[in-house]
Every structure is written in C-alpha cells, then in structure tokens.
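In what follows, a single structure is set out as structure tokens and then discussed.
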Amino acid sequence: TSPIPHFTLAGDWTSQKFLGSMEGAVLGGKLAAEVVANRALGNADKPLKAIQDHIVSSAKSHVATEPVGLKGDGAISFGAGAVGFGGQKELLLETDPSQFVEA
C-alpha cells in the first residue's frame with residue numbers, strides 16, 4: 001500500500017524484512033499481490049506502517065560513507081546488469097571474466 005490511491009509498489013527496496021535481495025523482491029511482490037487481491041475483493045486497505053520515532057531521529061544524524069570493496073561507480077559495480085559496456089568492459093573482465101567465456 002502507498003499513500004497514493006490505487007498505486008501499489010513491489011520490489012526488494014519496499015518495506016519488508018529482506019532489503020536488497022532476491023528474497024526481498026519475491027516477498028515485496030507477494031505483499032503487493034495481496035494488496036491488489038484485497039482491493040479486488042472490495043476490502044479496505046490495511047493501514048500504512050508508522051515510521052518509528054527512533055528511525056527518524058537516527059536519520060537526522062546519519063553520515064553517508066562510501067561503500068567498501070567496490071571497484072568503479074557504474075551500475076555493474078552495484079549489482080545491476082549492463083546494457084552496454086560504457087567504457088567498463090575492462091572492469092567487467094577483471095571482476096567476472098566468466099561472462100566472456102564462449103558457451
């Protein structure tokens with residue numbers, strides 16, 4: 001459920017317990033499907049989860065840091081797929097040469 005009427009989000013970055021993982025993507029999709037099915041049955045949405053006060057207060061003092069162990073700053077460095085190499089073919093060859101092995 002989202003604050004926008006008739007708009008439901010799914011994905012690994014939604015509010016669920018397995019952030020940033022395949023498990024989170026699956027759970028986010030399952031939870032979104034439950035919302036859609038519940039609405040299709042004409043049932044009222046469950047209330048939005050309240051943001052806990054300690055989350056808000058700790059976010060105010062949070063200082064962002066650079067991720068540890070990453071090489072490069074392109075999408076492939078953060079786990080995303082590559083559409084084109086964009087000058088990062090050498091980095092991909094270094095980090096995952098198996099992608100260049102002929103089948």
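A32 meets the side chain to side chain contact (heavy atoms under 4.5 Å, CB included) test with T8, A10; sequence neighbours excluded. Residues satisfying the side chain to side chain contact (heavy atoms under 4.5 Å, CB included) criterion with N43, sequence neighbours excluded, are N38, L41. The side-chain hydrogen bond (donor to acceptor under 3.5 Å, both in side chains) test applied to S98 returns D96, not counting sequence neighbours. Taking the side chain to side chain contact (heavy atoms under 4.5 Å, CB included) definition, one finds that E23 meets it with F18, S21, sequence neighbours left out.
Through direct or indirect side-chain contacts shorter than 4.5 Å among Ile, Leu, Val, Met, Phe, Trp and Tyr, I51 is connected to I55, V56.
The minimum heavy-atom distance linking H6 with R39 is given by the pair CA-NH1, 3.5 Å.
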